[in-house]
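Everything numeric here is computed off the predicted structure, so don't read it as measured data.
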Amino acid sequence: MGIKLGILGLGTVGTGTVELLSDGTGRHPLLSEIEIYRVGVRSLDKPRQVTLPDSVITTDLESIVTDPQVDIVVELMGGLEPARSLILKAIQCGKHVVTANKAVISRFGDEIFTAANQAGVYVMLEAAVGGGIPVVRPLKQSLSVNRINTVTGIVNGTTNYILTRMRSEGGNFDDVLADAQRLGYAEADPTADVDGLDAADKIAILASLAFDGRIKLEDVYCEGIRQVSKTDIAYADKLGFVIKLLAIAHQDNLSAPLSVRVHPTLVPTDHPLASINGVYNAILVEGEPIGQVMFFGPGAGAGATASAVCSDILNLVAELKLSTENANPLLTCRHHDYSQIAPIEELVTRFYARFLTKDQPGVIGKLGTCFGKYGVSLESVVQTGFQGELAEIVVVTHDVREGDFRQALAEIRSLDPIHSIPSLLRVL
Ligand code: NAP
Ligand code: HSE
């Protein structure tokens with residue numbers, strides 16, 4: 001029997017989720033047990049990127065969350081109401097919930113999780129922070145034996161994009177924001193992003209998971225990036241910093257109160273978060289005994305966010321199947337056949353090679369001719385100096401099939417002026 005989903009919302013993330021669930025080839029086999037049973041939208045007349053039977057789509061979202069056939073409600077509509085009420089109604093009706101809605105969770109998490117615990121259902125929220133980046137489950141499970149002392153995140157792609165462009169182009173905030181809106185990176189109303197409110201929602205959720213306590217959103221200190229000028233960015237650069245909108249949750253020691261805050265911050269250029277540019281997100285978690293661990297990836301977008309939503313759905317499907325099967329399909333080893341591995345000769349890559357040769361005319365020409373014979377094209381050739389009597393020549397190739405490159409080298413080794421090839425490295 002399939003697991004029936006009731007999806008609320010068919011916008012960016014809803015569409016990405018339906019597309020991913022409808023294209024199971026090469027993905028986890030549990031996906032084939034999921035049925036997109038009902039989908040709720042605001043308007044039936046809007047053109048959609050995905051085709052679903054008319055009987056599946058409805059504007060009556062309440063009828064989805066109360067439908068006894070629906071096993072899991074997937075809330076991808078956003079906003080506070082009616083999202084909050086529909087999530088609570090789904091829980092009341094005994095359904096597990098998956099949501100990407102950080103605004104609802106950061107404000108009403110207390111009410112929602114209390115209701116879910118009472119009803120014996122799960123509310124899953126991997127997509128609510130960091131889009132496609134797995135960070136919620138790592139904090140809840142993989143890292144939970146650590147004493148976490150700091151979570152530092154670049155968790156808002158819009159502001160990171162604006163600050164990155166202000167730095168690379170020397171542009172001012174208003175111009176870069178206008179351009180980001182034109183390109184679709186920033187929303188028409190950018191308030192939630194540029195004033196740090198979206199990042200505050202996300203760090204409230206991360207802090208709650210990392211430090212095992214509920215967080216009141218009003219306790220999160222929040223400053224946005226409107227006051228960051230190109231002059232500040234230029235000075236920061238000169239001093240060895242980049243300016244990033246950081247969301248930070250920190251605890252000095254186990255009995256100290258938490259500090260949870262969002263503000264533009266000068267980050268040393270050698271800090272792991274300094275090189276996170278554009279719309280990307282990253283979350284650095286520090287704890288004992290793990291030390292530092294960083295999660296990096298796309299913080300938004302249809303496909304990336306759908307990846308997080310569907311991983312939550314898969315975990316709930318596995319949970320539901322446990323009642324009828326005696327092994328968790330996500331924990332057991334599910335494959336039996338050996339994978340086909342390509343031989344190294346078939347690898348296509350660039351190579352760096354260093355040759356020691358006799359110092360005589362025509363050596364570089366001979367190298368080039370021999371490489372050419374085997375279809376190896378050279379990106380650069382430099383004679384770097386001498387080692388004793390021998391000349392040192394360094395070659396970087398274009399992409400080449402490793403087998404062809406090795407054939408060329410075998411012939412080159414036999415050439416009279418070639419003394420040795422002390423280094424051979426692949427280039428990314
Ligand atoms: P979206 O494109 O605006 O889509 C919202 C969908 O919900 C639309 O299909 C809309 O119906 C439906 N909807 C909204 N209010 C409704 C109502 N009152 N009744 C019925 N249907 C309603 O939003 P999105 O970007 O997919 O975001 C969805 C959620 O994911 C939000 O919580 C957001 O914060 C979160 N999220 C988004 C991203 C991202 O990259 N976009 C990343 C991470 C998390 P119509 O289509 O008929 O208008
Ligand atoms: N508006 C968010 C951002 C994406 O710019 O990162 C959804 O969380």
Side-chain angles (χ1 to χ4, degrees), residues 133 154 160-161 163-171 233-234 236-244 266-282 284 291-298 339-428:
I133 305 173
I154 294 175
N160 202 43
Y161 174 83
L163 291 172
T164 302
R165 278 198 53 189
M166 285 173 72
R167 181 171 184 238
S168 62
E169 293 164 22
I233 289 178
D237 224 2
K238 283 202 178 78
L239 295 167
F241 297 97
V242 288
I243 299 183
K244 295 287 182 193
L266 271 73
V267 179
T269 47
D270 60 357
H271 188 278
L273 288 169
S275 56
I276 308 304
N277 287 321
V279 293
Y280 281 96
N281 284 194
L284 178 69
Q292 292 189 328
V293 56
M294 191 158 97
F295 302 88
F296 163 78
S339 298
Q340 197 188 344
I341 306 294
I344 194 74
E345 291 75 22
E346 296 304 326
L347 177 71
V348 174
T349 180
R350 292 190 293 158
F351 277 96
Y352 157 102
R354 184 162 56 90
F355 300 88
L356 290 178
T357 74
K358 288 182 187 161
D359 185 25
Q360 56 183 225
V363 178
I364 289 181
K366 282 184 179 154
L367 279 176
T369 308
C370 202
F371 275 132
K373 186 170 157 192
Y374 292 94
V376 179
S377 158
L378 299 182
E379 188 178 291
S380 61
V381 182
V382 279
Q383 179 159 354
T384 53
F386 288 92
Q387 284 209 12
E389 300 284 284
L390 297 169
E392 196 167 42
I393 298 171
V394 170
V395 160
V396 176
T397 73
H398 287 295
D399 269 345
V400 55
R401 188 182 153 273
E402 177 143 352
D404 296 341
F405 182 71
R406 292 213 173 261
Q407 270 190 291
L409 280 188
E411 192 167 321
I412 287 169
R413 270 201 185 90
S414 68
L415 296 176
D416 173 55
I418 304 299
H419 173 272
S420 58
I421 310 176
S423 299
L424 196 57
L425 300 167
R426 290 170 194 81
V427 181
L428 202 58

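Scanning for salt bridge (Lys or Arg N to Asp or Glu O under 4.0 Å) contacts around Lys373 gives Glu411, with sequence neighbours left out. In this structure Glu346 satisfies the side-chain contact (heavy atoms from CB on, under 4.5 Å) test together with Pro343, Arg401, sequence neighbours excluded. Every residue was checked against the salt bridge (Lys or Arg N to Asp or Glu O under 4.0 Å) condition with Asp399, not counting sequence neighbours, and none meets it. When the ring-ring contact (aromatic ring centres under 6.0 Å, His included) test is applied to Phe405, the partners found at least two apart in sequence or on another chain are Phe351, Phe371. With sequence neighbours excluded, the residues forming a side-chain contact (heavy atoms from CB on, under 4.5 Å) with Arg406 are Glu402, Leu424, Arg426, listed by chain and number. Looking at residues two or more places apart in sequence or on another chain, you find no side-chain hydrogen bond (donor to acceptor under 3.5 Å, both in side chains) involving Ser380. Scanning for side-chain contact (heavy atoms from CB on, under 4.5 Å) contacts around Asp237 gives Arg167, with sequence neighbours left out. Remark: Phe296 engages Tyr280 in a ring-ring contact (aromatic ring centres under 6.0 Å, His included) (not counting sequence neighbours). Residues satisfying the salt bridge (Lys or Arg N to Asp or Glu O under 4.0 Å) test with Glu169, not counting sequence neighbours, are Arg165. Residues passing the side-chain contact (heavy atoms from CB on, under 4.5 Å) test with Ser423 are Tyr352, Arg354, sequence neighbours excluded.
Atom CD1 of Ile276 is separated from atom CG of Leu163 by 14.0 Å, given to the nearest 0.5 angstrom. Note that CD1 of Ile233 is 4.0 Å distant from CE of Met166, once rounded to the nearest 0.5 Å. Atoms OG1 and OH, from Thr369 and Tyr374 in turn, are 12.5 Å apart once rounded to the nearest 0.5 Å. Leu284 contributes atom CG, which lies 5.5 Å from atom CG of Leu273 (distance to the nearest 0.5 angstrom). Atoms CG and OG1, from Asp404 and Thr397 in turn, are 11.0 Å apart once rounded to the nearest 0.5 Å.
When all heavy atoms of Met294 and Pro272 are compared, the pair lying nearest together is CE-O, 3.5 Å. Residues Leu378 and Gly368 share a closest heavy-atom pair of CD1-CA, 4.4 Å. The two residues Leu266 and Ala236 have their closest heavy-atom pair at CD2-CB, 3.9 Å. Ala274 and Pro268 get closest at one heavy-atom pair: CB-O, 3.4 Å. Scanning both residues, Val376 and Ala408, for their nearest heavy atoms gives CG2-CB, 4.3 Å.
For residues 268-279, every residue pair satisfying the side chain to side chain donor-acceptor pair (under 3.5 Å) rule, not counting sequence neighbours, is listed here: Lys244-Asn277. Listed by first then second residue, pairs satisfying ring pair (Phe, Tyr, Trp, His ring centres under 6.0 Å) with a partner in residues 407-428 number zero, not counting sequence neighbours.
Gln383 has its side chain within reach of Asp359: a pair of non-hydrogen atoms, C-beta onward, lies under 4.5 Å apart. Inter-residue side-chain proximity for Phe355 and Ile421 is flagged as met; some heavy-atom pair is nearer than 4.5 Å. For the pair Asp416 and Lys358, the minimum side-chain heavy-atom distance is below 4.5 Å. Residues Ile418 and Leu367 meet the side-chain proximity criterion, which asks for heavy atoms closer than 4.5 Å.
A donor-acceptor contact shorter than 3.5 Å links the side chain of Asn160 to the backbone of Gly278.
Residue Glu389 places its CD atom among 12 or fewer non-hydrogen atoms of other residues, nucleotides or ligands, all under 6.0 Å distant.
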